[in-house]
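Residue numbers begin at 1 in each chain, while the letters A, B, ... track the order of the sequences. These figures come from a predicted structure and were not determined experimentally.
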Number of protein chains: 2
Amino acid sequence: MPATIRDVARASGVHISTVSRTFSAPHLVNPETRNRVLACAEHLGYRPNRAARALITGRTHNIGLIIADIANPFFPPLIKAAESQARQRDYHIFIADTNEDPAAEEDLVHALAKQVDGVLLCSPRMSNSLIEQLSREVPLVVINRQVTGLPAVVMDVGQGARLAVEHLTGLGHRELALLGGPRGSWTNREIRRAATTAARAADASLTVLGPNPPTEGGGIAMAEQVRRTGATAVLAYNDLMAIGLMEGLDSLGLRVPQDISVVGIDDIALSRLTRPKLTTVATPTAAAGRTAVDMLLQHDGSSSARAGRGGGRTTTTDDRRTTAQVTLQTELVIRDSTGVGPAASAVRPAAAAAADRPGAAPPADPGPHGHPDPGSATAATPESVAS
Amino acid sequence: MPATIRDVARASGVHISTVSRTFSAPHLVNPETRNRVLACAEHLGYRPNRAARALITGRTHNIGLIIADIANPFFPPLIKAAESQARQRDYHIFIADTNEDPAAEEDLVHALAKQVDGVLLCSPRMSNSLIEQLSREVPLVVINRQVTGLPAVVMDVGQGARLAVEHLTGLGHRELALLGGPRGSWTNREIRRAATTAARAADASLTVLGPNPPTEGGGIAMAEQVRRTGATAVLAYNDLMAIGLMEGLDSLGLRVPQDISVVGIDDIALSRLTRPKLTTVATPTAAAGRTAVDMLLQHDGSSSARAGRGGGRTTTTDDRRTTAQVTLQTELVIRDSTGVGPAASAVRPAAAAAADRPGAAPPADPGPHGHPDPGSATAATPESVAS
DNA sequence: ACTTCTCCTGCAAACCTTTGCAGCCAACGG
DNA sequence: CCGTTGGCTGCAAAGGTTTGCAGGAGAAGT
C-alpha cells in the first residue's frame with residue numbers, strides 16, 4: 001500500500017538508484033530528471049522508509065533521551081531544546097522515562113540501542129561501571145554526571161550550592177540543613193560536597209538529610225525532620241523538594257522566610273508561582289540539552305568508518321575520540337523564600353532586612369509592571385535539576 | 001562489531017533461521033538447540049536488529065505520541081501511562097512536541113509515519129479533514145477529539161464544565177465568565193457548549209472570552225478583561241490559565257475567592273500547590289493514555305480484549321475495522337478557589353457549599369502565604385493545553 | 001517393513017534502500 | 001579524428017531479519 005522507491009522509479013521512468021539519489025544526493029542528478037522524479041514522488045505520496053535506510057547506512061537518524069521522570073518540570077525545557085536542536089539536523093529524539101529506577105535505565109538503553117544512533121543519558125542513577133559497559137553497546141553522552149572516558153555535559157551545581165550557602169550565611173544563618181536527593185545521583189554528591197565545604201568556611205553547621213525521593217512529596221515528608229534539626233535555613237536538592245518542604249513547614253505552622261529560609265535548585269517555572277516565591281539556583285537546562293545533542297552528533301558524525309568488508313575485523317583506532325566534558329555555569333536567583341537569620345536579626349536594621357527580602361520594595365524598584373528585580377532577572381528559561 | 005544473527009548461527013552451529021525462530025517462535029525449535037543458541041547469543045551479546053526486523057515484518061514495535069507541549073503538566077501523566085502500557089506489550093513510545101503549532105503537527109506525523117506502527121494524536125489543533133487525510137498514511141488514534149471514522153478517546157470535559165457551572169451557580173453566582181482556550185481545540189468547543197447550556201439552565205449569564213493561549217501567561221493577560229465583564233466567577237479552559245488568572249487578579253487587588261471565584265480544568269498537580277488551592281475538573285489523563293495505546297494495538301494486531309472501564313464505548317463497525325470512541329468521565333474537585341457569590345452570600349451559609357463535596361476544604365481560606373505581590377507577573381514559559 | 005505423522009531444521013526469497021562501479025553520451029582539447 | 005573528461009544514469013550487491021516451503025529423521029500406526 002505505501003508507495004516505495006520502486007513505484008516512483010517506474011512512474012518516472014528511471015532506475016531506483018536515480019530516485020534514491022534524488023533524495024540523498026540531489027546534486028548528482030540532472031535537474032530535469034530530478035524534477036520529474038520529485039513530481040512523481042509527490043504525486044504518489046512517497047516517503048523514504050527509514051528502516052530500510054537505517055539497515056544499509058547503519059544510521060537511524062534517531063537519538064534516544066533517557067530521563068528519570070517526565071513529570072519533573074526540570075526536564076521539559078531540556079527535552080524541548082534537545083528536540084529542536086536535533087530536528088535542525090534532521091534527527092529525531094526518542095524520549096523514555098525510567099521512573100527513577102536504575103534497572104529501568106539499563107533496560108531502556110538496551111531497548112534503544114539498535115534503533116538510535118546514540119543515547120543521551122540524563123541524570124542517570126546507575127553505577128559508573130555499568131554506564132561504561134553500556135557505552136560499548138551504543139554511543140552515550142551523559143548529562144549531569146561525570147564518567148571517565150565518556151562525553152558529558154554537567155551543570156555546575158556545586159558552584160550553585162556554594163552561592164546558596166554563602167547567601168544564607170551572609171543573611172546570618174548559622175544552623176543550616178541540606179535536604180538531600182536520591183541515592184545514586186551525581187548531582188546530589190556534588191551539592192553535598194560543595195555545601196559542606198561552604199558551610200565550614202563560613203563557620204556554620206550543616207545537617208545533611210537523606211536520601212529522599214526528589215519530588216514534592218519527598219519535601220513534604222521531611223518537614224518535621226527539618227524542624228528537628230533546629231536549622232534556620234535549608235538548601236534542597238531541587239525546587240520540587242523545596243516547594244514540598246515549604247508546604248510541609250506551613251502545615252507545621254512555620255513561616256517562610258520569617259521562621260526558616262528555603263533555597264531550591266533548578267529554577268523551574270513553578271518556583272515563581274509559589275508564595276513566597278522561591279529563592280533558587282538556576283541551572284541552564286536548555287543549553288544542556290542543546291549541547292548534549294551537539295556532542296553526540298559531532299562525535300559520530302566525524303567517524304564515518306564503514307563496516308569492514310571481507311570478514312576482516314577493522315579495528316578503528318579510537319584514540320582520536322574526543323571525549324569532551326562541558327561544564328555549564330549556574331546562577332543564584334534570589335526571591336522571597338530567604339530572609340535574615342536569627343543571629344543577624346538583632347543586629348541588622350530593618351532596612352537591611354528589607355533589602356534582602358523583596359516582599360517589601362526591593363532596592364532596585366521593580367515598578368508596578370514587573371521590571372525584573374535583580375534576583376529574577378535571569379533570562380534563562382525555567383528549568384530544573386536532576387541527577 | 002555488533003553481533004548479528006549470523007554470528008550466533010555460526011557459533012552455535014545452526015542455520016540463521018533457527019536462531020531467528022529461537023527468538024520469534026521458540027516453540028518451533030528443539031529445547032536443546034534453543035538453549036545452545038540462547039547461550040551463544042547471550043555470550044555474544046546479540047540483540048536483534050529492530051530495523052531489519054521492521055523492514056520485513058512491516059511492524060516497528062514503536063508508537064508515536066504527538067502532544068502540544070511537554071511543558072504543560074497536563075501531559076506527563078498521560079505520557080507515563082501510555083509508556084508503561086506500551087512497554088508491557090513490548091512496544092516503545094516516541095514522544096514529539098509540536099509547540100502548539102498545527103503545521104508542526106502535520107510534519108511530525110509524516111516524519112513518524114514510517115518508523116512507528118501508529119500514532120497517538122493528543123489534543124490536535126489541526127482540522128478534521130487534515131487528520132482524516134493523515135490517517136490514510138498511518139494508523140491514528142486521536143485523544144481529546146472526535147473525528148468520524150477514527151478511533152478516539154475523549155475525556156468528557158463537557159460534563160465537567162456543566163458540573164463546574166452548576167457548582168458556581170449553586171453558590172449564588174449569576175454573572176459568569178468563560179476563559180477560552182486555543183483556536184482549533186475540540187475541548188474548547190465542548191467546554192463552551194456545555195458551559196453555555198448549563199448557565200442558561202441556571203438563569204445565569206456567561207461571557208465568553210477568547211481564544212487565548214492555554215498557558216499561565218494567557219491567564220495572567222486576561223485578568224483585566226475578566227474584571228471588566230463584571231463576572232463574580234470564572235471557568236478557565238485549563239488549570240494553567242486558571243492559575244495565571246489568579247495571579248493576574250491578585251495583582252489587580254481582587255481576592256480569590258472572596259471577590260471572585262475561579263475554576264480550572266485538568267487537576268494538574270500544581271493546582272494543589274497554589275494559594276488558594278484550585279477548584280477544578282479532574283480529567284482521567286492516565287486512563288486516557290492507557291486506553292489510547294490499547295486501542296491502537298488492538299486495532300493493529302495481537303489483540304487482548306481489555307474491557308472498557310467506567311467510560312462509555314461506542315463502536316462503529318464499518319467494513320473492515322472497528323473504530324471505537326471511548327469517553328472517559330470527569331469529576332469536579334472542590335478546593336479553595338471558589339466561594340459563595342454575592343446573590344447568595346446573605347442567604348446561603350458556607351456549609352451549604354461544603355456539602356457539595358464531602359471532604360473538601362471549606363472555601364475562603366487563602367492560607368498564610370496569600371500575600372499578593374504586584375509586579376510579579378511576566379515571563380511565563382510557553383505552556384500548553386489539552387485539546 | 002512401509003506408510004504416515006510429527007518435529008525439527010535448512011534453504012532462499014523478500015523487505016527497501018544506498019552506493020561503488022561501470023557504462024553511456026556529449027563536449028572538449030589536441 | 002581520437003582520446004579524454006565530466007555529467008548523468010543503470011546495475012547489482014549488501015545490510016539483518018522473517019517465513020513459506022521442502023527435506024530429513026525418527027516415531028507411531030498398520
### Message
Minimum heavy-atom separation for H92(A) and L108(B), please, with both atom names.
### Response
NE2-CD1, 4.4 Å
### Summary
Tightest non-hydrogen contact, residues G64(B) and L112(B), listed as CA-CD2, 3.8 Å
### Message
By the salt bridge (Lys or Arg N to Asp or Glu O under 4.0 Å) test, which pairs, at least two apart or in different chains, include something from residues 91-107 of chain A?
### Response
D97(A)-K80(B), E100(A)-R125(A)
### Query
How are the rings of Y91(B) and H61(B) set to each other: parallel, tilted or perpendicular (split at 30° and 60°)?
parallel
Taking atom [atom2] of [N] as reference, at what distance in whole Å does atom [atom1] of [X] sit?
{"X": "R53(A)", "N": "dA14(D)", "atom1": "CZ", "atom2": "C1'", "value": "17 Å"}
{"X": "R10(A)", "N": "dG10(D)", "atom1": "CZ", "atom2": "P", "value": "14 Å"}
{"X": "Q115(B)", "N": "dC16(C)", "atom1": "CD", "atom2": "C1'", "value": "15 Å"}
{"X": "E32(B)", "N": "dG26(D)", "atom1": "CD", "atom2": "C1'", "value": "15 Å"}
{"X": "I5(B)", "N": "dG15(D)", "atom1": "CD1", "atom2": "C1'", "value": "13 Å"}
{"X": "H61(A)", "N": "dC16(C)", "atom1": "NE2", "atom2": "P", "value": "21 Å"}
{"X": "L55(B)", "N": "dG15(D)", "atom1": "CG", "atom2": "P", "value": "14 Å"}
{"X": "N49(B)", "N": "dC16(C)", "atom1": "CG", "atom2": "P", "value": "16 Å"}

### Message
With a 4.0 Å limit, can you tell me whether T4(A) has a side-chain N or O closer than that to the phosphate oxygens OP1/OP2 of dT17(C)?
### Response
yes
### Query
Along nucleotides 5-10 of chain C, 5' to 3', which nucleotides get a B, which get an S, and which get a -, given that the test is a protein heavy-atom distance under 4.0 Å?
---SBB
### Summary
Residues at least two apart in sequence or cross-chain that pass side-chain hydrogen bond (donor to acceptor under 3.5 Å, both in side chains) with S129(B), listed by chain then number, are S127(B)
### Task
Give Y46(A) one of three labels, base, sugar-phosphate or nothing, depending on what nucleic acid heavy atoms sit under 4.0 Å from its own.
sugar-phosphate
### Query
Does R36(A) use its side chain to pair, donor to acceptor, with the backbone of S12(A) at less than 3.5 Å?
yes
### Message
Of the listed nucleotides (dC16(C), dG15(D), dG16(D)), which one gets closest to any side-chain atom of I56(A)?
### Response
dG15(D)
### Message
Which residue in the set T98(B), I131(B), V138(B), L130(B) passes side-chain contact (heavy atoms from CB on, under 4.5 Å) when paired with V109(B)?
### Response
V138(B)
